[in-house]
Amino acid sequence: EAGVAQSPRYKIIEKRQSVAFWCNPISGHATLYWYQQILGQGPKLLIQFQNNGVVDDSQLPKDRFSAERLKGVDSTLKIQPAKLEDSAVYLCASQRGIDTLHFGNGTRLTVT
Amino acid sequence: KQEVTQIPAALSVPEGENLVLNCSFTDSAIYNLQWFRQDPGKGLTSLLLIQSSQREQTSGRLNASLDKSSGRSTLYIAASQPGDSATYLCALLSGGGADGLTFGKGTHLIIQP
């Protein structure tokens, strides 16, 4: 089966600019997660979707971050405006039921 | 709030040695515990998943144990190989399975040829 696809692979922007990341989960996986991984840290959950509904977004900085999963398949994560501390790898993961999570290779964001 | 700690933060051993990575957590009300491997510039690959009712899982040279009462898990790697070099992350699923995974910071492992 095809894995979780993420794009772009790398992104460099200046602070105060906006950026969007895209994720295509494994077919049939109802649950989709966005994680932020700062260098040297473990991934931190930003938002969890079940189909096209939000299950948990308690750690999402909603003043600048937004995410959607309109048709319950693909998802986009947006940052506007970006800050220096947003530099991180953004990982998308999908899950079927309560099976293990499958992660994409991530998008590495550098904010200058 | 669940907190996950991994010790050591980094480890370097000669090829062929057996080694143990440690993970501790503060809330024993977990749904399951997973060990992941992360290679540089890559996403995470699941290695082993232990359900709350289980005490250990084995896959090849890897063995993971879970002791909920003490809030600990260990990942045992037998006969280490240079290809085992990676960052190993421990993660827990809490809140009845609805809260997403809480990760430790990982152990950066280097196996010297």
Side-chain angles (χ1 to χ4, degrees), chain A residues 2-11 21 23-26 29-51 53-60 67 88-110, chain B residues 1-10 21-26 30-54 57 59 62 64 73 75 86-108:
Chain A
V4 176
Q6 289 189 247
S7 67
R9 194 78 176 85
Y10 304 93
K11 191 72 177 179
F21 313 128
C23 173
N24 180 232
I26 294 173
H29 285 198
T31 308
L32 184 147
Y33 304 85
W34 282 101
Y35 282 85
Q36 179 193 57
Q37 187 176 24
I38 293 172
L39 186 65
Q41 304 283 322
K44 183 185 84 171
L45 179 67
L46 292 176
I47 189 166
Q48 176 184 350
F49 291 96
Q50 182 74 19
N51 297 308
V54 175
V55 174
D56 181 5
D57 64 357
S58 57
Q59 298 191 85
L60 187 73
V89 176
Y90 291 84
L91 294 163
C92 178
S94 70
Q95 181 186 34
R96 172 166 41 212
I98 53 171
D99 290 347
T100 189
L101 272 66
H102 295 262
F103 283 82
N105 285 334
T107 295
R108 181 176 297 277
L109 173 67
T110 302
Chain B
K1 178 186 172 186
Q2 181 73 270
E3 293 184 7
V4 182
T5 303
Q6 290 189 245
I7 295 173
L21 308 181
N22 296 290
C23 172
S24 61
F25 47 95
T26 54
I30 65 171
Y31 198 84
N32 63 40
L33 182 146
Q34 296 184 58
W35 283 92
F36 289 87
R37 168 184 174 140
Q38 186 172 32
D39 293 283
K42 301 286 188 181
L44 282 69
T45 301
S46 180
L47 297 173
L48 290 164
L49 184 153
I50 309 177
Q51 299 292 350
S52 175
S53 58
Q54 297 175 322
Q57 283 288 330
S59 176
L62 305 179
S73 174
L75 179 66
T87 297
Y88 290 81
L89 292 145
C90 167
L92 289 91
L93 193 63
S94 306
D99 290 352
L101 289 172
T102 302
F103 284 84
K105 293 183 179 181
T107 294
H108 182 55

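The figures here come from the full heavy-atom set of this structure, side chains too, leaving out hydrogens, waters and symmetry mates. All figures in this text were calculated on a predicted structure; none of them were measured in a lab. First the proteins, then the strands, lettered A, B, ... as listed; each starts at 1.
With a 4.5 Å cut-off on non-hydrogen atoms, Asp39(B) does not touch chain A at all. Using a 4.5 Å cut-off between heavy atoms, Gln38(B) touches chain A through its side chain atoms alone. Only the side chain of Gln37(A) comes within less than 4.5 Å of a heavy atom in chain B; its backbone stays farther off.
Here Phe36(B) contributes atom CZ and Thr100(A) contributes atom OG1; the two are 4.5 Å apart, rounded to the nearest 0.5 Å. In this structure, CG in Leu44(B) is found 9.5 Å from OH in Tyr35(A), a value given to the nearest 0.5 Å.
Of all heavy-atom pairs spanning Leu89(B) and Pro43(A), the tightest one is CD2-CD, 4.3 Å.
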